[in-house]
Structure formats: structure tokens, C-alpha cells
Amino acid sequence: MLLQQVREASETSREQQQEVQQLQEQVTAASKAKLATQEAAQEKLARLGQLEGELEALQDVVGAGGDQADMLKRLVSRVANLELAVGQGNNARRLLHNQLVEMRGNIRVFCRVRPSPSSVVTCQSDGSGVRVDGGEASIQGTFSFDKVFGPACSQQTVFDEVAELVQSALDGYQVCLFSYGQTGAGKTHTMQGLPSSQGQGIIPRSVAKILDTVKILQEPGWEYDLEASYIEVYNEALQDLLAEGKGRDVGKITVANAIKHGPSGEPTHSIFMLFITGRHAPTATLVQGALNLVDLAGSERLARSEVTGQRQKEACCINKSLSSLGDVFSALASKSAHVPYRNSKLTHLLQPCLGGTGKTLMFVNINPEPASAGETLCSLRFAAQVNACERGAKGGARRHVSQQPEQPKLQAEAASKDRKHGAAASKRKAGAPEVPPRNTRPRLHK
Ligand SMILES: Nc1ncnc2c1ncn2[C@@H]1O[C@H](COP(=O)(O)OP(=O)(O)OP(=O)(O)O)[C@@H](O)[C@H]1O
């Protein structure tokens with residue numbers, strides 16, 4: 001009997017090993033194909049540049065005779081064909097990039113441990129797990145995540161792991177990155193970081209990567225339109241800190257100055273939204289993606305925060321948003337027919353990313369100091385629940401790409417509407433969320 005069980009277990013283990021090996025082979029094959037496509041696109045790009053140079057030279061001497069005019073015509077047509085080929089190469093690269101991202105799952109969780117003089121947290125050396133040992137059995141636990149960054153990990157190392165999702169937003173996907181954790185655990189450090197170039201967090205690095213890529217893609221004929229919002233969610237009201245007159249030009253955003261706390265220092269959720277529209281005339285392609293970078297308010301439990309009055313109301317609203325976020329993730333994890341996105345402004349605003357059409361990555365930030373062990377366990381349990389959501393290639397993310405003229409259905413109309421209807425800081429009110437349906441870009445005024 002026992003022998004039979006051992007045999008069956010080893011058979012299952014062998015099958016799983018084979019499955020893992022097959023998946024690894026698929027990832028390797030997709031990576032190789034992606035590389036080959038990129039190289040081919042680059043070659044074509046170089047050739048295109050060369051031909052354009054020749055074309056310019058010919059234009060200087062054109063008029064001298066019919067032969068040259070013919071040659072010019074042929075070259076113009078050749079350039080057009082090559083532009084088309086480059087565009088098609090880019091489309092293939094996008095598809096392969098997406099296959100790679102989806103193989104890793106459309107909802108992922110990374111854990112980041114901040115530095116602290118004393119610590120009850122240990123990170124596994126392979127970066128896949130974390131253990132909390134606060135002494136008593138009730139404050140102990142071991143958790144696995146897609147990635148665990150120890151206290152010594154640099155901002156660059158962290159960004160390297162999320163850069164592919166930033167690329168996905170450029171490729172036409174709805175992407176959302178959260179930082180979750182108790183006050184002081186390093187959420188703002190992860191998202192915004194410090195002003196120094198080494199200290200910069202995910203927001204300024206993402207903006208820089210996107211601007212660089214947009215510049216490179218101008219060469220093969222892509223034109224991009226970027227619009228940014230910086231939404232603050234406070235007591236279930238939304239405000240766009242980059243509203244008209246406050247500067248919406250992405251290139252000029254100094255994110256380090258962006259505000260995480262309300263006017264009088266009250267805690268808020270803040271969401272940096274970047275709406276990306278790319279047009280490629282030679283292939284008549286339109287892509288519409290969005291990158292949402294969310295710095296959540298501290299997650300500490302209300303019972304522990306001894307607050308009353310206005311502070312209590314704020315804490316209730318924060319708890320409501322975060323518990324709504326938890327409810328959305330548990331509905332997704334259990335593949336429930338109804339996902340309660342509309343229970344809070346935060347989840348309603350981020351519905352396109354959290355649902356089947358988007359890609360989500362959550363950072364759980366933890367403070368390893370002994371006094372925070374209980375709160376750290378709560379954060380890690382929440383993150384483990386999010387980690388249980390499986391939305392791989394099958395339930396997959398959807399890319400917003402079309403061959404038609406742009407018809408934007410607009411994401412943060414909610415914020416825009418709130419703004420128009422006077423939901424500014426002075427009029428903030430708690431209440432039932434009234435976020436209109438939206439899908440991709442907000443109707444933002446330049
Ligand atoms: N990985 C890190 N490396 C170095 N310093 C860090 C790191 N994480 C956090 N810190 C520092 O710890 C302090 C608290 O971090 P931070 O403000 O990011 O916390 P938070 O979770 O955003 O808190 P709050 O909820 O109040 O906004 C800051 O001084 C920050 O610079």
C-alpha cells in the first residue's frame with residue numbers, strides 16, 4: 001500500500017518535472033524567436049536609414065534626367081515596403097513579448113523588505129520566499145511570491161523586474177502596479193523613490209523608459225500620444241493633481257514632487273496614470289495602453305490605530321478601499337461570476353487592469369522590525385491571497401490594438417467627472433462610488 005503511494009507520488013513528481021521542463025523550453029523558444037525578430041527589425045531599420053540617405057542624395061541630383069526620376073520612384077516604393085516590413089516585425093515582437101509576460105501570469109506579487117537595524121524577517125536566497133518569526137507561534141509564517149527583494153536590493157534591480165510590464169503598456173495593454181503595506185514599509189520609496197538618479201523609483205524610471213522607447217520608435221514611423229494623470233483617492237473622492245493648468249506634459253512631470261498625502265497630511269491612495277496611444281501609419285495600426293502606478297495608503301488595521309473623528313473616517317475609507325481590493329482579488333481567485341469592482345472608487349477606477357483584460361503586479365512592502373511583525377504577517381497574508389489569483393495565458397490579458405481610427409473609451413473619466421462636479425479637496429465627501437464605466441484612456445484636456 002505504502003509502496004504503491006510512493007510509486008504514485010514519484011510518478012506525479014516526474015510528470016510535474018516534465019511539465020516544468022516543457023514550460024521552460026517554451027519560454028526559451030519564445031525568447032529566441034523574440035530576439036530573432038528584434039534583430040531582423042533592427043536590420044531592416046538600418047537598411048531603411050541607408051536607403052533614406054541614398055534617397056536624399058538622389059533628390060539633390062533629380063531633374064537631371066529620366067533615369068534618375070525612375071530610380072527615385074523605385075526607391076520611394078522600396079522605402080515604403082521596408083517601412084511596412086519593419087511595422088510587421090514590431091507587431092511580431094509585441095506578440096512574443098506578451099507571450100513571455102503571460103507565461104509568468106497576469107497577476108503577480110513581489111515582496112520587498114525595507115532595511116531596518118533589527119529584523120524578524122529572513123528572505124530565501126533564491127528570492128522566492130520570505131519568513132517572519134516574531135517569537136510567538138501566532139506571529140510566524142512562511143510565504144512564497146513571484147519574487148522577493150531583500151533590504152539590500154537597489155531601485156534598479158527592482159525596476160529591471162517590472163520593465164517588461166512597462167513595455168506591455170506601450171504595446172497596448174492595461175497595466176497596473178500597486179505598492180501595498182503598512183505605513184513606513186517603503187511603498188512610496190518603491191514607487192517614487194528619491195530625487196537622486198540611483199534612488200529613483202518605478203514612476204520616474206517608467207516615464208524615462210517610455211519616453212526613450214517612443215523616441216526610438218519614431219524612426220520606423222510610430223507616433224505616440226502620452227497623457228498623464230495623478231489621481232488622489234481620499235475619503236472615496238477622486239482628485240487629479242495634474243488637472244488643467246497644473247501641467248500634464250509627461251516630459252515635464254517631476255514625479256518626485258508628486259503628492260502622497262493630502263493637503264493637511266492625511267493619508268491617501270495615489271495613482272499615477274499614463275495613457276499611451278501609438279499610431280503606425282504604414283500598417284494603419286493603433287495601440288492604446290495604460291500604465292497605472294498605485295501607491296496605496298498604509299494598510300494597518302483600524303483596531304490598532306487608536307483614532308477618532310475625522311481620522312477615524314479617513315481610516316474607514318482606506319480600509320474600505322483596501323478590503324474592496326481584497327474582495328476583488330478573492331472573487332478573481334475563486335473565479336466568481338461577479339467581481340465587486342464597484343464597491344470602492346479605487347477598484348472601480350482600476351477595473352480594466354484588475355479584470356481579465358489587464359496585467360497586475362502587486363508589491364507587498366514590509367518593515368522587518370520586530371514591533372511590526374503582526375502587521376507584516378497581515379500584509380503577507382493579504383499578498384498571498386492576491387498571489388492565489390491565476391490569470392495566465394488562457395484567461396488572458398487583451399491588447400487594445402486596432403486598424404481603425406481611434407475611438408477611445410475613457411478610463412479616468414471618473415476623475416475628470418469628479419473634477420468637473422467639484423469633488424476637489426475642498427468638497428471631498430465620503431459616499432457611494434459613482435464611477436462611470438470606462439475602459440482605456442481618460443478624456444483629459446491638454
Ligand atoms: N528599500 C529601501 N531602501 C532604503 N530606504 C527605504 C527603503 N524602503 C523605505 N525606505 C525609507 O523608509 C522610510 C519610509 O518609507 P516610505 O515613505 O516609502 O514608506 P510608505 O510605506 O510609503 O509609508 P506611508 O504609508 O506613510 O506613505 C523612508 O525614509 C524611505 O526612504
Side-chain angles (χ1 to χ4, degrees), residues 109-123 127 130 132 145 147-162 177-206 230-235 241 255-272 292-302 304-307 311 314-323 325 346 361-380 382-383:
V109 180
F110 288 177
C111 172
R112 188 174 192 187
V113 185
R114 61 156 286 180
S116 167
S118 53
S119 172
V120 290
V121 173
T122 38
C123 303
V130 67
V132 183
F145 296 108
K147 193 125 276 172
V148 176
F149 298 101
C153 271
S154 70
Q155 298 282 62
Q156 181 63 48
T157 306
V158 171
F159 184 71
D160 287 345
E161 291 295 333
V162 303
L177 270 66
F178 286 96
S179 58
Y180 176 93
Q182 73 176 116
T183 296
K187 301 180 294 295
T188 308
H189 184 81
T190 298
M191 284 297 164
Q192 291 182 19
L194 306 169
S196 67
S197 63
Q198 279 189 344
Q200 285 187 337
I202 291 173
I203 299 177
R205 285 172 196 267
S206 301
Y230 208 103
I231 310 283
E232 178 194 85
V233 186
Y234 170 79
N235 282 0
L241 302 175
V255 179
N257 294 338
I259 306 164
K260 166 73 186 296
H261 300 274
S264 45
E266 66 275 24
T268 60
H269 305 298
S270 63
I271 311 172
F272 175 75
N292 299 279
L293 302 174
V294 187
D295 185 356
L296 293 169
S299 60
E300 41 277 357
R301 288 156 296 164
L302 186 59
R304 284 188 42 172
S305 46
E306 292 148 7
V307 291
R311 283 276 169 196
E314 287 162 9
C316 280
C317 284
I318 289 164
N319 266 26
K320 180 183 169 190
S321 297
L322 295 178
S323 68
L325 193 60
L346 181 74
L361 170 66
M362 191 181 94
F363 275 92
V364 54
N365 287 95
I366 57 174
N367 185 343
E369 63 175 15
S372 296
E375 208 61 61
T376 294
L377 267 179
C378 284
S379 295
L380 290 171
F382 179 81

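All ligand and atom numbering here is 1-based and tracks the order in the structure. None of the values given here were measured: they were computed from a predicted structure. Just the heavy atoms: all of them, side chains too, but no hydrogens, waters or symmetry mates, feed the values below.
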Numbered atoms of ligand 1 (with element) below 4.0 Å of [X], judged on heavy atoms:
X	result
Q182	21 (O)
P115	1 (N), 2 (C), 3 (N), 4 (C), 7 (C)
G186	8 (N), 9 (C), 15 (O), 16 (P), 18 (O), 19 (O), 20 (P), 21 (O)
T188	18 (O), 20 (P), 22 (O), 27 (O)

Is there any N or O on [X] that sits under 3.5 Å from an N or O of ligand 1?
X	value
G184	yes
L296	no
K187	yes

Taking the six-membered ring where the residue is Trp, are the ring centres of F363 and F178 under 6.0 Å apart? no

Using only heavy-atom distances, determine whether the side chains of S372 and E369 contain a donor-acceptor pair under 3.5 Å. yes

If you measure only the distance, is there a donor-acceptor pair under 3.5 Å linking the side chains of S379 and T376? no

Ligand 1 versus R112, non-hydrogen atoms closer than 4.0 Å: side chain, backbone, both, neither? side chain

Atom pair NE2 (H189) and CD1 (I202), whose distance is rounded to the nearest 0.5 Å: 10.5 Å

Straight-line distance of I271 CD1 to D295 CG, nearest 0.5 Å: 10.0 Å

Indicate yes or no for a side-chain donor-acceptor contact from R205 to the backbone of Q200 under 3.5 Å, with no hydrogens or angles considered. yes

